[in-house]
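All remarks here apply to the structure that follows.
Counting from 1, the numbers follow the sequence of the chain as shown.
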Amino acid sequence: MPRKIRWGVLGAAGIAVRKVIPAMQQGESCEVVAIASRELAKARAAAQQLGIPRAYGSYEELLADPNIDAIFRSAKSGHWETPGV
(Lines give C-alpha, C1' and ligand atoms only; values in the text may rest on other atoms or scores of the structure.)
Protein backbone atom coordinates (compact mmCIF):
# COMPACT_ATOMS: atom_id res chain seq x y z
CA MET A 1 0.00 0.00 0.00
CA PRO A 2 1.34 3.48 -0.86
CA ARG A 3 2.30 5.83 1.96
CA LYS A 4 -0.53 7.99 3.29
CA ILE A 5 -0.46 11.72 2.61
CA ARG A 6 0.23 13.53 5.89
CA TRP A 7 -2.10 16.52 6.15
CA GLY A 8 -1.82 19.66 8.23
CA VAL A 9 -4.96 21.73 8.83
CA LEU A 10 -4.67 25.51 9.07
CA GLY A 11 -7.49 26.76 11.25
CA ALA A 12 -9.82 25.02 13.67
CA ALA A 13 -13.03 26.40 12.18
CA GLY A 14 -16.26 24.53 12.78
CA ILE A 15 -16.51 23.19 9.23
CA ALA A 16 -13.05 21.65 9.52
CA VAL A 17 -13.64 20.13 12.95
CA ARG A 18 -17.16 18.86 12.31
CA LYS A 19 -17.02 17.83 8.65
CA VAL A 20 -13.73 18.04 6.75
CA ILE A 21 -11.27 16.45 9.19
CA PRO A 22 -13.56 13.51 10.08
CA ALA A 23 -14.07 12.88 6.36
CA MET A 24 -10.31 13.04 5.73
CA GLN A 25 -9.73 10.57 8.57
CA GLN A 26 -12.03 8.10 6.79
CA GLY A 27 -9.85 8.17 3.66
CA GLU A 28 -7.44 5.34 3.03
CA SER A 29 -4.74 7.66 1.71
CA CYS A 30 -5.07 10.48 4.28
CA GLU A 31 -3.58 11.00 7.70
CA VAL A 32 -4.26 14.28 9.55
CA VAL A 33 -1.08 14.82 11.58
CA ALA A 34 -1.35 18.43 12.75
CA ILE A 35 -3.75 21.32 13.24
CA ALA A 36 -3.00 25.00 13.84
CA SER A 37 -5.01 27.91 15.14
CA ARG A 38 -4.07 31.43 16.12
CA GLU A 39 -5.25 30.32 19.57
CA LEU A 40 -3.18 27.36 20.83
CA ALA A 41 -5.94 26.28 23.23
CA LYS A 42 -8.37 25.97 20.32
CA ALA A 43 -5.88 23.91 18.30
CA ARG A 44 -5.18 21.65 21.28
CA ALA A 45 -8.89 21.11 21.93
CA ALA A 46 -9.53 20.17 18.29
CA ALA A 47 -6.48 17.89 18.24
CA GLN A 48 -7.61 16.09 21.38
CA GLN A 49 -11.19 15.75 20.13
CA LEU A 50 -10.10 14.34 16.76
CA GLY A 51 -7.02 12.34 17.73
CA ILE A 52 -4.60 14.60 15.84
CA PRO A 53 -1.05 14.16 17.19
CA ARG A 54 0.24 17.77 16.94
CA ALA A 55 -1.32 21.17 17.65
CA TYR A 56 0.25 24.54 16.88
CA GLY A 57 -0.54 28.07 18.07
CA SER A 58 0.41 29.68 14.77
CA TYR A 59 0.05 28.88 11.09
CA GLU A 60 3.76 29.47 10.55
CA GLU A 61 4.67 26.68 12.99
CA LEU A 62 2.54 24.19 11.08
CA LEU A 63 3.90 25.34 7.72
CA ALA A 64 7.44 24.78 9.01
CA ASP A 65 6.72 21.18 10.07
CA PRO A 66 8.78 18.93 7.74
CA ASN A 67 6.49 15.97 8.47
CA ILE A 68 3.52 17.46 6.61
CA ASP A 69 2.98 16.69 2.92
CA ALA A 70 -0.15 18.77 2.20
CA ILE A 71 -2.18 21.59 3.75
CA PHE A 72 -5.93 22.10 4.10
CA ARG A 73 -6.81 25.74 4.76
CA SER A 74 -9.95 26.16 6.83
CA ALA A 75 -9.33 29.59 8.36
CA LYS A 76 -11.25 32.68 7.28
CA SER A 77 -9.82 34.27 4.15
CA GLY A 78 -8.96 37.55 5.93
CA HIS A 79 -6.41 35.76 8.15
CA TRP A 80 -3.76 35.11 5.53
CA GLU A 81 -0.66 37.19 5.79
CA THR A 82 1.74 34.30 5.14
CA PRO A 83 3.27 34.57 1.66
CA GLY A 84 2.92 31.54 -0.54
CA VAL A 85 -0.16 30.08 1.09
Side-chain angles (χ1 to χ4, degrees):
M1 174 184 262
R3 180 175 69 83
K4 290 185 175 192
I5 296 172
R6 301 169 298 180
W7 285 87
V9 178
L10 293 174
I15 188 74
V17 173
R18 290 190 307 271
K19 301 288 184 181
V20 177
I21 294 171
M24 291 171 78
Q25 290 172 323
Q26 299 282 324
E28 292 180 15
S29 62
C30 295
E31 181 181 10
V32 180
V33 298
I35 188 166
S37 173
R38 293 180 304 143
E39 299 174 36
L40 180 56
K42 192 171 182 179
R44 284 183 174 157
Q48 182 177 8
Q49 175 187 342
L50 295 164
I52 299 170
R54 293 187 300 283
Y56 295 109
S58 76
Y59 302 140
E60 292 80 10
E61 287 179 281
L62 186 141
L63 292 170
D65 186 333
N67 297 308
I68 294 174
D69 302 315
I71 300 293
F72 172 75
R73 182 182 96 172
S74 73
K76 296 176 186 175
S77 62
H79 295 174
W80 293 102
E81 297 84 23
T82 306
V85 173

What's the spacing between [X] [atom1] and [Y] [atom2] if we round to 0.5 Å?
| X | Y | atom1 | atom2 | answer |
| --- | --- | --- | --- | --- |
| I68 | W7 | CD1 | CH2 | 11.0 Å |
| D69 | I5 | CG | CD1 | 7.0 Å |
| I21 | Q49 | CD1 | CD | 9.0 Å |
| Y56 | L63 | OH | CG | 10.5 Å |
| C30 | Q25 | SG | CD | 9.5 Å |

Close side-chain approach of [X] to [Y], heavy-atom, < 4.5 Å:
| X | Y | value |
| --- | --- | --- |
| R54 | L62 | no |
| R38 | Y59 | yes |
| V20 | F72 | yes |

How far apart are the closest heavy atoms of [X] and [Y], and which atoms are they?
| X | Y | value |
| --- | --- | --- |
| V17 | A46 | CG2-CB, 4.0 Å |
| A16 | P22 | O-CD, 3.7 Å |
| R6 | N67 | NE-O, 3.3 Å |
| E28 | K4 | O-CE, 3.2 Å |

